[in-house]
Each structure stands twice: as C-alpha cells, then as structure tokens.
Amino acid sequence: MSDIAKDKAARLLKKRGSISSLGSHDVKPRGSFSKTKDSVSTVSYIDEPGHHDDIQRPAILMENTYQTGPTKRFPVASVNNILKDVLTSYLQEEKYEAELCRQMTKTISEVIKARVKDLMIPRYKIIVLIYIGQLNDQSMRVGSRCIWDPANDTFSSYSFKNSSLFALANVYGVYYE
C-alpha cells in the first residue's frame, strides 16, 4: 500500500472515529496493538457512549428553487390504469369478509402508492384512499374536501364491483412547492 493511500485511509478512519494499524503517524491506537507490515485492520469506537454526541453536524440548508409550477404534470390517465389493474387483480374473485377486506384496503393502498411512485412524478405528494364494502341493496356517497391549487393539484378515481363487494380507490396528487 503506498504512503499516499495509507495517509488518505488514515484520515478517513480518523474522521469516522476509528483507529487503524496502517502504520501512519497520524493515527495512534488506543491500547497496545501489534502492527504487521501493510496490515489494514480496523477497530471502530462508534458505539462507545457519548462518543457520537460530541460532534455537532451543521444543518443542511436547502436553497429555494423559485419553481412555482410542476415541470411534469400528474398523469391522470396512467394512474387510472394503475387503479383499474390493481383493483381488478386483487378483488376479482374475492368474497366480502370484513376482516379480510380490512387487510386488503391496507395492502391495495400500499401497492397503488408504490406503483404511482414508480412513475416518478417530481414534487407531488401522493395520497391514496381505498374504500371496500359489502354489496347489498344500499347506496354510498363518498365526498372529500381539500384546499388545493386547481391549476396544479388533481386526483384520479376508479370504482370496482363484483358479486359480493364494491371498492372505490382515490389517488390525490398534490403539488408540493
């Protein structure tokens, strides 16, 4: 190992709170360790109590982008296709059972959220709401109220029915400045 590489490794290890047997004069081991020529053994002291509390890291300051509108619009048609695909694949053959549907709402909402995030729409917050209920002789109305910018914020919705249950999925895309 060259002297330049040893010095660089010693500096990096010293910054991390570790000691090394690199043979460099900058790093002094705690206790007695035997040195072997060109050995690179490392002992870390990061778990010692109070050791990592001494170093204060500066807060990261983000600069304003002064961007007041999205560079890419929320793709309502693509999200509608995702909703249709996920609801149909998960609920096509299911019968209504209260406990199963409770778990299915959580699972379906996580799957939809992951698939919408895979579209990589920058600066949009994604909110997913799923409603599943038993299909009898009843009606249901779902309303939502939001404070948002109609120029940038939007939503996508899809409803599904089979012989024993209904499902409604709403995805809200809210632009985050």
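Source: prediction; values computed, not measured. Side chains included, hydrogens not; waters and symmetry mates left out as well; all remaining heavy atoms used.
- Arg115 CZ to Leu119 CG: the interatomic distance, rounded to the nearest 0.5 Å, is 8.5 Å.
- Atoms CD and OG, on Glu94 and Ser163 in that order, are 11.0 Å from each other to the nearest 0.5 Å.
- Ile127 and Leu83 fall into different hydrophobic clusters, where Ile, Leu, Val, Met, Phe, Trp and Tyr side chains are chained together by heavy-atom contacts under 4.5 Å.
- A donor-acceptor pair under 3.5 Å is formed between the side chain of Tyr124 and the backbone N or O of Asn152.
- Rounding to the nearest 0.5 Å places CD1 of Ile108 at 8.0 Å from OG of Ser89.
- Shown here is Phe155, whose CZ atom has no more than 12 heavy atoms of other residues, nucleotides or ligands within 6.0 Å.
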side-chain contact (heavy atoms from CB on, under 4.5 Å) between Asn162 and Phe160: does it pass, once the steps are laid out?
CA-CA 7 Å; Asn162 69 11; Phe160 172 84; 4.1 Å; yes
Enumerate, atom names and distances included, each donor-acceptor pair closer than 3.5 Å involving a side-chain atom of residues 167-175, sequence neighbours excluded.
unit_1, atom_1, unit_2, atom_2, d
Asn170, OD1, Ser157, OG, 2.7
Tyr172, OH, Ser144, OG, 2.7
Tyr175, OH, Gly69, O, 3.1

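- Residues Phe166 and Leu129 fall within the same hydrophobic cluster, defined by Ile, Leu, Val, Met, Phe, Trp and Tyr side chains chained together at heavy-atom separations under 4.5 Å.
- For the atom pair CD of Gln134 and NZ of Lys95, the computed distance is 11.5 Å after rounding to the nearest 0.5 Å.
- Rounding to the nearest 0.5 Å gives a distance of 7.5 Å between NZ of Lys72 and CE of Met120.
- Under the 3.5 Å distance criterion, the side-chain polar atoms of Thr88 are left unmatched by any main-chain donor or acceptor of Asp85.
- For the pair Glu63 and Leu61, the minimum side-chain heavy-atom distance is 4.5 Å or more.
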Sequence neighbours excluded and cut-off under 3.5 Å, please list the side-chain donor-acceptor pairs for residues 74-81, or say none.
unit_1, atom_1, unit_2, atom_2, d
Asn80, OD1, Ser156, OG, 2.3
Asn81, ND2, Ala77, O, 3.4

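- Judged purely by atom type and a 3.5 angstrom limit, Asp149 uses its side chain to pair as donor or acceptor with the backbone of Ala151.
- Between the side chain of Ser164 and the backbone N or O of Tyr96 there is at least one donor-acceptor pair closer than 3.5 Å.
- At least one donor-acceptor pair closer than 3.5 Å links the side chain of Gln138 to the backbone N or O of Asn136.
- Remark: Lys113 does not engage Glu110 in a salt bridge, criterion side-chain N to carboxylate O under 4.0 Å.
- Both the sub-6.0 Å distance and the 45° axial angle are satisfied by Lys125 relative to the ring of Tyr176.
- No continuous path of ILVMFWY side-chain contacts below 4.5 Å connects Met140 to Leu165, so the two sit in separate hydrophobic clusters.
- In terms of hydrophobic clustering, with Ile, Leu, Val, Met, Phe, Trp and Tyr side chains grouped at heavy-atom distances under 4.5 Å, Leu100 and Tyr131 are assigned to different clusters.
- Using a 4.5 Å cut-off on side-chain heavy atoms (C-beta onward), Tyr90 and Val111 make contact.
- With values rounded to the nearest 0.5 angstrom, Ser109 atom OG is found 11.0 Å from Met104 atom CE.
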